There are 2 protein chains.
Amino acid sequence: MRVGELSRRTGVPVPTIKYYVREGLLPAGELSSPNQAHYDEAHVRRLRLIRALLEVGGLKVAAIAEVLGAMDDPGRPLHKVLGAAADRLGTEGAADDDAEAEAAGDVVQRLIARRGWHSHEADPAAKDLARALAALSRVGHGAFFELLEEYADAAEVVARADLAYVDRQGPVEELVESVVIGTVLGEAVFSALRRLAHVDASARVFGGVEEERVEPEGSAAGEGSAEREA
Amino acid sequence: MRVGELSRRTGVPVPTIKYYVREGLLPAGELSSPNQAHYDEAHVRRLRLIRALLEVGGLKVAAIAEVLGAMDDPGRPLHKVLGAAADRLGTEGAADDDAEAEAAGDVVQRLIARRGWHSHEADPAAKDLARALAALSRVGHGAFFELLEEYADAAEVVARADLAYVDRQGPVEELVESVVIGTVLGEAVFSALRRLAHVDASARVFGGVEEERVEPEGSAAGEGSAEREA
DNA sequence: CATCATAGATAGTTGCGCTATCGGATAGCG
DNA sequence: CGCTATCCGATAGCGCAACTATCTATGATG
């Protein structure tokens, strides 16, 4: 098929397809003449994958290029491809370097050791975790750390489910793709599920019970900023 | 304190602080004269919260303004504030309207019913979930749906832990803040944990051998994107 | 053969999160 | 009182990311 049909079938505008080709997300079509290229089902699949990673996964175009690059790289140890892909799925930005960051890093290392996880210090996921924990500390919610074990339990449940899913995929290429998709879209799925469960749990605990405690009329003290002395 | 000190204490540049004030993320300082404003600890706290939501949570400035607006809104039923805040924590963009989207919506509604969750159809989280599932279908991974129950189990575990945490916070304002922080930063925490567990499980199943991945290499300068594959 | 689509190249647009600069006011010190 | 550092508020500009539009030469197609 030609680019117009590819566009119609995926809903992606032609100029955008060209842009993705330029950025290395999508292989160029096969040229039959200097201005005629043909695309196939692989392009359709790839394009849908790109849009999914972009729109649902929230990945940046450059990150997608890297992930797909690792995916496509032939003749490479499987676990390396998986690792390379996984390493590109995290957050951007450098970690800051204050007391909170250091303490958070310690907590993460202890957690990893305690769980017996196969991970090293440089793992981007570990860095992301430390960053998040440091941010929690900085906003005065260091107590959140107490939930870490429960979070980790749940994370293991999900990770095991993911692996079981991936494990029953067929050939290697699909397997790698499954990991990428599972990691990125699975995160979106879990995030939404968590918020759903949150709303429900919140409704059970607070809804209607605390409702009456708000005073009517503008007797609210300070305005604008939430300031009160604890 | 004046804006210079606020800047020093939070690491946020003065022009950026002004920008946040303009955007409604941060209340203006109290004017003592036409060109002199004073800031207090509440501003420091708020600023740290903003940076956390921005950098770790990945929220957009406009979304943060909405969330904080709901947080600050006085004299409003607690569960409504919580709901309003939670509703703004999701993804942007409208859902598409194809066969996959419809099927995914069905699956979500059945899941919600089966779980007995208190959720309405318009819940943004439900929409996000449907979007993610539809995307999975489109890339040929509809089989991922089979993991939904396990995912939901894990989500309930996390949600319960969150609620238990929130429940032991004191006054209402802090409680709302806890929900926001727990939801946003908790997501970052879980995401990183999941990837950590993933790497570990993956190594067990596929790696056989644990090899080096991204090498630390170099000093603590900002790392960002390591581009080489040893 | 007339029209349409296409490849490839380059330039422009939009949105976002800042950042720089300017024209006045003070603050605070000697 | 003078002096400098700082501040406020407003406006304009910057840099990046993800497209989008336009142009030319060429080939496809009925």
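The model shown is predicted, which means the values in this text are computed figures rather than measured ones. In what follows, every chain begins at residue 1, and chains take the letters A, B, ... in the order their sequences are listed.
Protein atom CD of B:Glu23 is 14 Å distant from nucleotide atom C1' of D:dT11, rounded to whole Å. Taking atom CG of residue B:Leu26 and atom P of nucleotide C:dC18, one finds them 13 Å apart after rounding to whole Å. Counting to the nearest Å, the C1' atom of D:dA17 and the CD1 atom of A:Ile64 are 12 Å from each other. Summarising the geometry, the separation between OH on B:Tyr19 and P on D:dA12 is reported as 17 Å, rounded to the nearest angstrom. When rounded to the nearest whole Å, the span between CD of A:Glu5 and C1' of C:dA5 equals 13 Å. Separating the CD atom of A:Glu92 from the P atom of D:dG15 is a distance of 20 Å, rounded to the nearest angstrom. B:Leu59 places its CG atom 17 Å from the C1' atom of C:dC18, with the value rounded to the nearest Å. Between the P atom of C:dG28 and the CE atom of B:Met1 lies a distance of 15 Å, rounded to the nearest Å.
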Expected rows: protein N/O vs nucleotides 26-30 of chain D N/O, under 3.5 Å:
from	atom 1	to	atom 2	distance (Å)
D:dT26	O2	A:Asn35	ND2	2.1
D:dG27	O4'	A:Asn35	OD1	2.8
D:dG27	O4'	A:Asn35	ND2	3.2
D:dG27	O3'	A:Ser33	OG	3.3

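Contact annotation: B:Tyr39 side-chain N/O to D:dC8 OP1/OP2 distance is under 4.0 Å. Dashed line: the shortest gap from a side-chain N or O of B:Tyr20 to OP1 or OP2 of C:dG17 is not under 4.0 Å.
For the residue pair B:Tyr39 and B:Ala28, the shortest heavy atom distance occurs at CE2-C, 4.2 Å. Between A:Arg131 and A:Thr91, the closest heavy-atom pair is NH2-CG2, 3.5 Å. The two residues A:Glu100 and A:Ser137 have their closest heavy-atom pair at CG-CB, 3.4 Å.
Distance alone, capped at 3.5 Å, places no donor-acceptor pair between the A:Asp128 side chain and the B:Ala192 backbone.
For the side chain to side chain donor-acceptor pair (under 3.5 Å) test, residues two or more places apart in sequence or in another chain that qualify with A:Arg138 are A:Asp96, A:Asp98.
End-to-end axis angle of the helix from C:dC1-D:dG30 to C:dG30-D:dC1, using five pairs per end and rounding to 10°, comes to 10°.
The nearest heavy atom of DNA chain D to B:Leu31 and to A:Pro13 marks one nucleotide each, and the one closer to the 5' end goes with B:Leu31. Mapping B:Arg51 and B:Lys18 onto DNA chain C via the closest heavy atom, the residue that lands nearer the 5' end is B:Arg51.
The environment of CD in A:Glu102 is sparse: at most 12 heavy-atom neighbours from other residues, nucleotides or ligands sit within 6.0 Å. Within 6.0 Å of CZ on A:Arg45 lie no more than 12 heavy atoms contributed by other residues, nucleotides or ligands. Heavy-atom contacts from other residues, nucleotides or ligands closer than 6.0 Å to CD of B:Glu5 number more than 12.
Side-chain atoms of B:Leu136 and A:Val189, non-hydrogen and from C-beta on, do get closer than 4.5 Å to each other.
Ring-plane geometry between A:Phe190 and B:Phe190 is classed as parallel, the angle between the planes falling under 30 degrees on a 0 to 90 degree scale with a further cut at 60.
Residue B:Arg22 has its side chain nearest to D:dA12 when only D:dA12, D:dT20, D:dC8 are considered. Counting only heavy atoms from C-beta on, A:Thr16 has its side chain closest to D:dT20 among D:dT20, C:dT6, D:dG9.
Residue contacts for A:Lys60: at a heavy-atom cut-off of 4.0 Å it reaches the sugar-phosphate backbone alone, with no base atom in range.
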